[in-house]
Protein chains: 2
Amino acid sequence: MEPFTPGELAVMQILWEHGELKPAEVQQRYPEPIKNPALRSYLTILVEKGHVTRRKVGKAYFYKAKTKQTAAFKKSLKSIIQGYCDGSVRSLMLNLIRTEKLSEDDLLELKRLADEATQQGEN
Amino acid sequence: MEPFTPGELAVMQILWEHGELKPAEVQQRYPEPIKNPALRSYLTILVEKGHVTRRKVGKAYFYKAKTKQTAAFKKSLKSIIQGYCDGSVRSLMLNLIRTEKLSEDDLLELKRLADEATQQGEN
DNA sequence: GTTCATGTGCAGTACTCTCTGCACATAGAA
DNA sequence: TTCTATGTGCAGAGAGTACTGCACATGAAC
């Protein structure tokens, strides 16, 4: 699964959020003004690539995401980890804590989450 | 700064790691076999976009990254956070802990890092 | 100066992404 | 049945990416 182009990703995110829509509805929710045929070309490409399915209802088609959001998330995260963090999630975490200015609350939350995960891992 | 293409990114990573190289040296380190002119076209594009500078030494040019690795890292991380994690770093962390299978050691390390950051934040 | 390896510049090809325009199809209203 | 709004299919343009090939330039060796 090669990465989504910006246009494809914008469409996927709308479909992930809203479920099943027809082109005009995706068009309305697109983050910037886009003409209907341009938007439809993205949908067509996504169908060809297997990331989206469609079914006919009346005279119109409804489009639905087939590729799961979590799968796409993992994929793009993996490419960042390999590209910038020596391939290790640990290194990514380190970078995150160092380069992003996390608030006190964020750090406490982070520790709590790590604690929870540790507990679960022991069961 | 729009994102690097795969070819551009591969070249940037070599330059980030090795400093200043000539095309043939970048070519040698390229992760897959690539012909010299193909590699040079990437360098030319990167110079045109302002991500790389070059200077003449003898008859050859030496190329050096101008865009910093941390800037590129932050940029691509930001696009993931906005695309998949409601725009919040906290949500990214949550997703990381849930979807990546972190080892016991990783989680302990994570808590230690968060602790360190907390301490520093208090100074 | 000639030769030779190494390096450069440039023109061009194939493919993808983004986007446009237009003709045709369909469902419902009159 | 005809009209209209809405939706579809398709052909293609323009820019950018990912290359290839080749002629020309340069510095070093002889």
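Bear in mind the structure is a predicted one, so any value in this text is a computation, not a measurement. Proteins come first, then strands; the chains are lettered A, B, ... in the order of their sequence lines, and each starts at number 1.
- Pairs engaging residues 72-95 of chain B under the ring pair (Phe, Tyr, Trp, His ring centres under 6.0 Å) rule: W16(A)-Y84(B), F73(A)-Y84(B), Y84(A)-F73(B) [sequence neighbours left out].
- By the side chain to side chain contact (heavy atoms under 4.5 Å, CB included) test, P3(A) is found to be paired with no residue, residues two or more places apart in sequence or in another chain being considered.
- With sequence neighbours excluded, the residues that form a ring-ring contact (aromatic ring centres under 6.0 Å, His included) with F4(A) are H51(A).
- The side chain to side chain donor-acceptor pair (under 3.5 Å) pairs that include a residue from residues 41-50 of chain B are E8(B)-K49(B), where partners are two or more places apart or lie in different chains.
- By the side chain to side chain contact (heavy atoms under 4.5 Å, CB included) test, R29(A) pairs with I14(A), H18(A), L21(A), E25(A), sequence neighbours left out.
- For E20(A), the side chain to side chain contact (heavy atoms under 4.5 Å, CB included) partners at least two apart in sequence or on another chain are R55(A), F62(A), K64(A).
- Nucleotides of DNA chain D lying under 4.0 Å from heavy atoms of chain A occupy a range whose first and last members, 5' to 3', are dA5(D) to dG9(D).
- Contacts of residues 56-66 of chain B with DNA chain C (heavy atom under 4.0 Å): K59(B), A60(B), Y61(B).
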Problem - nucleotides 11-20 of chain C: protein proximity per nucleotide (B base, S sugar-phosphate only, - neither; heavy atom, under 4.0 Å) - result: ------SBBB

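- Not counting sequence neighbours, the partners of K66(A) by the side chain to side chain contact (heavy atoms under 4.5 Å, CB included) test are T53(A).
- For DNA chain C, the neighbouring residues in residues 9-23 of chain B, judged by any heavy atom under 4.0 Å, are K22(B), P23(B).
- Base-pairing analysis of DNA chain D finds the following stems of at least three consecutive Watson-Crick or G-U pairs, with both pairing distances under 3.5 Å: C:1-30 with D:1-30.
- Minimum heavy-atom separation, Q13(B) to G83(A): NE2-O, 2.6 Å.
- Counting only distance, with no hydrogens or angles, the side chain of S91(B) and the backbone of G87(B) share no donor-acceptor pair below 3.5 Å.
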